[in-house]
J.: 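My questions all concern the structure below.
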Amino acid sequence: MLAFVKSRPGRLAAQAAVLSAVVGASVLYATLDKTVTLSVDGKTSEVHAFSKTVGDLLKNQGIAVSSKDIVAPAMSSTVGEGDTVVVRYARPLTLTVDGNKRTYWTTETSVDRALSALGVRAEGASLSASRSQRIDRAGLDMWLSTPKQVTVIADGKKRKLTTVAPTVAALLTEQQLTVSSLDKLSTVPTAALREGSVVKLTRIEKKRVTKTESVSYAVTRKKTSTLYTGTTKVVKKGQPGKRAAVYDLVLTDGKVTKRTLVSSSVKDKPVAQIVQVGTKAKPVSRSSGGGGTPSGGGLNWGALAECESGGNPNAVNAAGYYGLYQFSLSTWRSVGGSGNPTDASSGEQTRRAQILYGRTGASSWPSCGPRLFS
């Protein structure tokens, strides 16, 4: 009985010690536990934190951050009851502005706000992404094309215009210009447009055509002793033929720049021209002894004059020939004549004709020359 009484105070003391420990732990728990508002990229939640600093809080919440990210308050700041901790992740924005490509890091979550934060002027520009589009943590690759003045040369027209098209291909689509597989562009379709760019579209066309063409006749020359040397006579007049020719054409902006003969077939054969060539020796003329002027030498000057002018010393041909022997004024002067042959006597005209014969023979009178030898 005495032993029971002695042990009871000990148990009470033990129980009091346990109760004191529990109460102390409860007070400590209440002191360390705090409610914190956590905002991550705009998504807000309330969390219970036992952490002393912001860094501890994020670590306990499994949130990893880099030096590019924004954390407020700073990682070393003490966390208190009711505090708000903001985390904004940095994300890559690859932006091509008028052909110039660059990658930025931004903590903004929309295209519009990111462009504004980066100081990129986008007024009146064309964008590949919506201005309200969200930029997730993987980032975004987009282009921006500002208004610029360019020149388009196509289909015979030269136009200066203002466009926000980012590339040559986009400009052609905007201007409703279709490019065929044969056409040529002054630059590649993927080239970025810049202020002052000039885009030339050259139209190339291929076509096959058939044409009727003339075929030249050959000339056959036959020697004959019936004509004097230096004289000729056409005994059969030549006639050109005809052929059907097939060509492949290349046209550049409507003009033929290349022509290739594919095939040809003769429709009408040409008729050769036959010409007799004299081989008969000319009579030797005798000099009159004065100034190298040949005499008649047995030549029939009357027959020549009759053939040329009907024997009229005043004859005038509308084509510009004068007198018995139908001199041109230049020929008349070359043999020493002055004025017009019709103003000279028949003897003077004959003398000048003999001088001409001494230089050129009967060839000066292609049709009537053979009469000299009759």
Side-chain angles (χ1 to χ4, degrees), residues 92-104 111-112 114-115 118-131 133 139-216 240-268 270:
L93 175 62
T94 300
L95 184 62
T96 302
V97 179
D98 293 335
N100 298 315
K101 188 174 183 180
R102 182 177 174 183
T103 298
Y104 302 89
V111 169
D112 194 43
L115 294 178
L118 294 171
V120 177
R121 297 177 61 87
E123 294 83 357
S126 175
L127 286 75
S128 62
S130 168
R131 294 174 185 269
Q133 180 173 328
L140 180 65
D141 191 339
M142 62 174 288
W143 55 258
L144 182 151
S145 180
T146 61
K148 57 190 71 68
Q149 189 176 75
V150 300
T151 300
V152 178
I153 304 173
D155 301 327
K157 298 179 181 179
K158 183 177 181 180
R159 292 171 287 173
K160 287 188 176 182
L161 50 93
T162 300
T163 182
V164 293
T167 64
V168 170
L171 173 65
L172 295 174
T173 300
E174 175 188 274
Q175 297 300 311
Q176 298 182 340
L177 291 171
T178 302
V179 183
S180 75
S181 59
L182 296 176
D183 293 340
K184 292 183 179 180
L185 278 171
S186 57
T187 185
V188 295
T190 56
L193 288 177
R194 305 180 189 280
E195 180 67 26
S197 290
V198 177
V199 178
K200 183 177 182 181
L201 172 59
T202 303
R203 298 294 189 185
I204 306 296
E205 182 183 2
K206 291 184 178 180
K207 62 169 59 175
R208 178 166 289 186
V209 298
T210 301
K211 291 188 173 184
T212 299
E213 298 179 333
S214 176
V215 180
S216 299
K242 293 181 179 179
R243 74 172 186 175
V246 179
Y247 290 95
D248 278 342
L249 304 180
V250 177
L251 292 88
T252 302
D253 284 337
K255 295 182 179 180
V256 176
T257 52
K258 186 178 181 181
R259 184 195 307 265
T260 304
L261 179 64
V262 178
S263 63
S264 65
S265 58
V266 176
K267 290 184 175 182
D268 298 323

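The structure presented is a predicted model; accordingly, all values stated were derived computationally and were not measured.
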J.: In chain order, what residues pass the side-chain contact (heavy atoms from CB on, under 4.5 Å) check against Lys206, with sequence neighbours excluded?
T.: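 Applying side-chain contact (heavy atoms from CB on, under 4.5 Å) to Lys206 gives Leu182, Val250.
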J.: List the residues meeting side chain to side chain donor-acceptor pair (under 3.5 Å) with Thr173, not counting sequence neighbours, and say none if there are none.
T.: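 For Thr173, no residue satisfies side chain to side chain donor-acceptor pair (under 3.5 Å) once neighbours in sequence are set aside.
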J.: Kindly compute the distance separating CG (Leu95) from CE (Met142), expressed to the nearest 0.5 Å.
T.: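 Here the rounded value is 5.5 Å.
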J.: What pairs with Glu174 under salt bridge (Lys or Arg N to Asp or Glu O under 4.0 Å), at least two apart in sequence or on another chain?
T.: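 By the salt bridge (Lys or Arg N to Asp or Glu O under 4.0 Å) rule, Glu174 matches no residue at all.
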J.: Closest heavy-atom contact between Leu144 and Ala125?
T.: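 Heavy atoms of Leu144 and Ala125 come nearest at CD2-CB, 3.8 Å.
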J.: Could you walk me through whether Val179 and Leu177 pass the side chain to side chain contact (heavy atoms under 4.5 Å, CB included) check?
T.: CA-CA 6 Å; Val179 183; Leu177 291 171; 5.6 Å; no
J.: Just to verify, what does Ala170 make a side-chain contact (heavy atoms from CB on, under 4.5 Å) with, not counting sequence neighbours?
T.: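 Partners of Ala170 under the side-chain contact (heavy atoms from CB on, under 4.5 Å) test: Ala165, Pro166, Thr167.
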J.: Is there side-chain contact between Val168 and Leu193, with heavy atoms separated by less than 4.5 Å?
T.: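 Yes - at least one pair of side-chain heavy atoms lies under 4.5 Å apart.
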J.: Not counting sequence neighbours, which residues clear side-chain contact (heavy atoms from CB on, under 4.5 Å) with Thr103? List them please.
T.: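 In terms of side-chain contact (heavy atoms from CB on, under 4.5 Å), with neighbours along the sequence ignored, Thr103 is linked to Pro92, Thr94.
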J.: Give me each pair satisfying salt bridge (charged side-chain N to carboxylate O under 4.0 Å, His left out) with a member in residues 181-201, each pair once, sequence neighbours excluded.
T.: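 Sorted result for residues 181-201: Asp183-Arg203.
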J.: Compile the donor-acceptor pairs under 3.5 Å between side chains in residues 258-266 and protein atoms, sequence neighbours left out, one pair per line.
T.:
none

J.: Does atom CZ of Arg131 have more than 12 heavy-atom neighbours from other groups under 6.0 Å away?
T.: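 Yes, the 6.0 Å shell around CZ holds more than 12 heavy atoms from other groups.
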J.: So do Thr257 and Leu251 actually touch side chain to side chain, heavy atoms under 4.5 Å?
T.: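 No, their side chains stay 4.5 Å or more apart.
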J.: Above 12 or not: heavy atoms from other molecules or residues under 6.0 Å from CD of Glu123?
T.: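 Yes, because the 6.0 Å sphere around CD of Glu123 holds more than 12 heavy atoms from other groups.
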J.: Rounded to the nearest 0.5 Å, how far does OG of Ser128 lie from CG of Asp141?
T.: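 Reported to 0.5 Å precision, the distance equals 7.5 Å.
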J.: Could you walk me through whether Gln175 and Thr163 pass the side chain to side chain contact (heavy atoms under 4.5 Å, CB included) test, one step at a time?
T.: CA-CA 10 Å; Gln175 297 300 311; Thr163 182; 5.7 Å; no
J.: Pairs of donor and acceptor atoms involving the side chains of residues 147-154, under 3.5 Å and at least two apart or interchain, shall be tabulated with distances.
T.:
from: Lys148; atom 1: NZ; to: Asp98; atom 2: OD1; distance (Å): 3.1
from: Lys148; atom 1: NZ; to: Ser145; atom 2: OG; distance (Å): 2.9
from: Lys148; atom 1: NZ; to: Thr146; atom 2: O; distance (Å): 2.6

J.: So, using side-chain contact (heavy atoms from CB on, under 4.5 Å) as the criterion, who are the partners of Gln133 when residues are at least two apart?
T.: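 Expected list: Val111, Ala129, Ser130, Leu140.
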J.: Which residues satisfy the salt bridge (Lys or Arg N to Asp or Glu O under 4.0 Å) test with Arg208, sequence neighbours excluded?
T.: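 With neighbours one apart ignored, the set is Asp248.
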